[in-house]
Amino acid sequence: MEPRPPLPPFTLETAMQKVRMAEDAWNSRDPDRVIQVYTEDTVWRNRAEFPVGRTEVHQFLTRKWARELDYRLIKEIWAFLDNKIAVRFAYEWHDDAGNWYRSYGNENWMFNDAGLMMQRHASINDLPIKEADRKFFWPLGRRPDEHPGLTALGL
């Protein structure tokens, strides 16, 4: 198992780094890239789905990004302790009919000693928005460093 620094126990600095790395990976919308930071037997709760293991997570992410188009995500640390990190997030996307949404949520993460995520528990709510109410406008991919985060955006 290849270590995925930063490793627990986390400090504020390393926990913030882990959160930004996760945001960057998810903004790639590349399931092959994203699953590399999870254990082979990772356990998830995401809305009403409960994927277990990298294969099921890969399938879940493939379905997700086929449905959630022009996906842009911002994550922000909420709390951390030892090998656990709690984050809040928001992402904007539209469906194939052009309806826009902002999805808000919280995640609780638990890591092994090699820095791989063993558990991910996510609670998410979708808010229909008008295209004019969007706040995430960077080109698809990594959010630029100068783009405001959730707190600065009032989210």
Side-chain angles (χ1 to χ4, degrees), residues 4-38 42-51 57-58 60-111 115-155:
R4 302 297 283 204
L7 307 176
F10 298 112
T11 64
L12 177 58
E13 180 181 339
T14 60
M16 289 173 59
Q17 181 182 2
K18 201 74 155 176
V19 170
R20 182 57 193 240
M21 291 169 66
E23 176 187 314
D24 292 349
W26 280 66
N27 274 326
S28 76
R29 298 173 331 279
D30 179 357
D32 293 327
R33 176 180 172 190
V34 173
I35 64 166
Q36 297 307 309
V37 300
Y38 299 97
T42 190
V43 176
W44 281 27
R45 178 182 52 80
N46 195 96
R47 300 178 194 262
E49 293 192 55
F50 299 85
V57 168
H58 190 282
F60 167 85
L61 293 171
T62 300
R63 287 191 314 274
K64 172 186 180 60
W65 289 317
R67 184 179 63 250
E68 296 178 354
L69 306 174
D70 290 324
Y71 174 97
R72 289 171 178 85
L73 165 74
I74 300 175
K75 291 183 183 283
E76 185 175 280
I77 191 165
W78 189 254
F80 71 96
L81 178 66
D82 300 324
N83 70 333
K84 297 178 181 96
I85 299 175
V87 300
R88 66 187 200 96
F89 63 87
Y91 62 91
E92 293 180 350
W93 59 282
H94 67 85
D95 61 20
D96 58 4
N99 300 304
W100 280 93
Y101 299 87
R102 185 173 304 119
S103 299
Y104 296 95
N106 300 291
E107 293 174 310
N108 296 309
W109 303 339
M110 185 167 59
F111 297 86
L116 293 165
M117 194 181 301
M118 299 183 300
Q119 294 181 27
R120 175 184 173 267
H121 305 281
S123 297
I124 307 167
N125 300 296
D126 300 317
L127 174 68
I129 61 173
K130 296 177 182 152
E131 187 169 1
D133 294 333
R134 293 178 53 214
K135 295 179 182 275
F136 303 174
F137 291 105
W138 65 88
L140 288 177
R142 186 180 192 277
R143 176 174 56 100
D145 291 335
E146 65 276 3
H147 190 283
L150 296 178
T151 298
L153 289 169
L155 298 175

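- Here the rule is side chain to side chain contact (heavy atoms under 4.5 Å, CB included) with Phe111, and of Leu116, Ile85, Leu7 only Ile85 fits it.
- Among residues two or more places apart in sequence or in another chain, the side-chain hydrogen bond (donor to acceptor under 3.5 Å, both in side chains) test is passed with Asn46 by Arg120.
- Among residues two or more places apart in sequence or in another chain, the side-chain hydrogen bond (donor to acceptor under 3.5 Å, both in side chains) test is passed with Glu92 by Arg102.
- At most 12 non-hydrogen atoms from other residues, nucleotides or ligands lie less than 6.0 angstrom from CE of Met16.
- Separation of atoms CD1 (Ile124) and CG (Asp126) is listed at 7.5 Å; rounding is to 0.5 Å.
- Smallest separation of non-hydrogen atoms from Ala15 and Phe10: CB-CB, 4.0 Å.
- Considering only residues two or more places apart in sequence or on other chains, Thr14 meets the side-chain hydrogen bond (donor to acceptor under 3.5 Å, both in side chains) condition with Thr11.
- At least one side-chain heavy atom of Leu153 sits less than 4.5 Å from a side-chain heavy atom of Ile74.
- The distance from the CG atom of Leu155 to the NZ atom of Lys135 is 5.5 Å, given to the nearest 0.5 Å.
- Inter-residue side-chain proximity for Asn83 and Met110 is flagged as met; some heavy-atom pair is nearer than 4.5 Å.
- Gln17 places no side-chain N or O within 3.5 Å of a backbone atom of Pro6 that could act as its donor or acceptor partner.
- Heavy-atom minimum distance, Thr42 versus Gln119: OG1-N, 4.3 Å.
- Residues satisfying the salt bridge (charged side-chain N to carboxylate O under 4.0 Å, His left out) criterion with Lys18, sequence neighbours excluded, are absent altogether.
- Contact of the Pro8 side chain with the Asp82 side chain is not registered, since no non-hydrogen atoms from C-beta on lie closer than 4.5 Å.
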Could you walk me through whether Val19 and Glu23 satisfy the side-chain contact (heavy atoms from CB on, under 4.5 Å) test, starting with their C-alpha distance in whole Å, then the side-chain angles of each, then the deciding distance to 0.1 Å, before giving a yes or no? CA-CA 6 Å; Val19 170; Glu23 176 187 314; 5.6 Å; no
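- Asp70 is linked by a side chain to side chain contact (heavy atoms under 4.5 Å, CB included) to Arg72, His94, Trp100, Leu140, counting only residues two or more places apart in sequence or in another chain.
- When all heavy atoms of Ala25 and Val34 are compared, the pair lying nearest together is O-CG2, 3.4 Å.
- His147 pairs by the ring-ring contact (aromatic ring centres under 6.0 Å, His included) definition with Trp138, not counting sequence neighbours.
- Scored by the ring-ring contact (aromatic ring centres under 6.0 Å, His included) test, Trp65 finds Trp26, Tyr71 as partners (sequence neighbours excluded).
- Here CH2 of Trp44 is found 4.5 Å from CG of Leu61. Values are rounded to the nearest 0.5 Å.
- Side-chain contact between Glu107 and Lys75 is present, with at least one heavy-atom pair separated by less than 4.5 Å.
- Two residues are said to be in side-chain contact when any heavy atoms from C-beta on lie closer than 4.5 Å; Val37 and Trp109 fail this criterion.
- Side chain of Arg45 to main chain of Phe50: no donor-acceptor pair is present (N/O by atom type, distance under 3.5 Å, no hydrogens or angles).
- Taking the side chain as every heavy atom from C-beta outward, Ile129 and Arg134 approach each other to under 4.5 Å.
- In this structure, the ring-ring contact (aromatic ring centres under 6.0 Å, His included) partners of Tyr101, at least two apart in sequence or on a different chain, are Trp93.
- Identified under the salt bridge (Lys or Arg N to Asp or Glu O under 4.0 Å) test for residues 24-38, with sequence neighbours left out: Arg20-Asp24, Asp24-Arg142.
- Residues satisfying the salt bridge (charged side-chain N to carboxylate O under 4.0 Å, His left out) criterion with Arg67, sequence neighbours excluded, are absent altogether.
- In this structure, OG in Ser103 is found 10.0 Å from CG in Leu73, a value given to the nearest 0.5 Å.
- Shown here are the salt bridge (charged side-chain N to carboxylate O under 4.0 Å, His left out) partners of Asp133, two or more places apart in sequence or in another chain: there are none.
- With sequence neighbours excluded, the residues that form a side-chain hydrogen bond (donor to acceptor under 3.5 Å, both in side chains) with Lys64 are Glu68, Tyr91.
- Closest approach of Pro5 and Met21 over heavy atoms only: O-CE, 3.5 Å.
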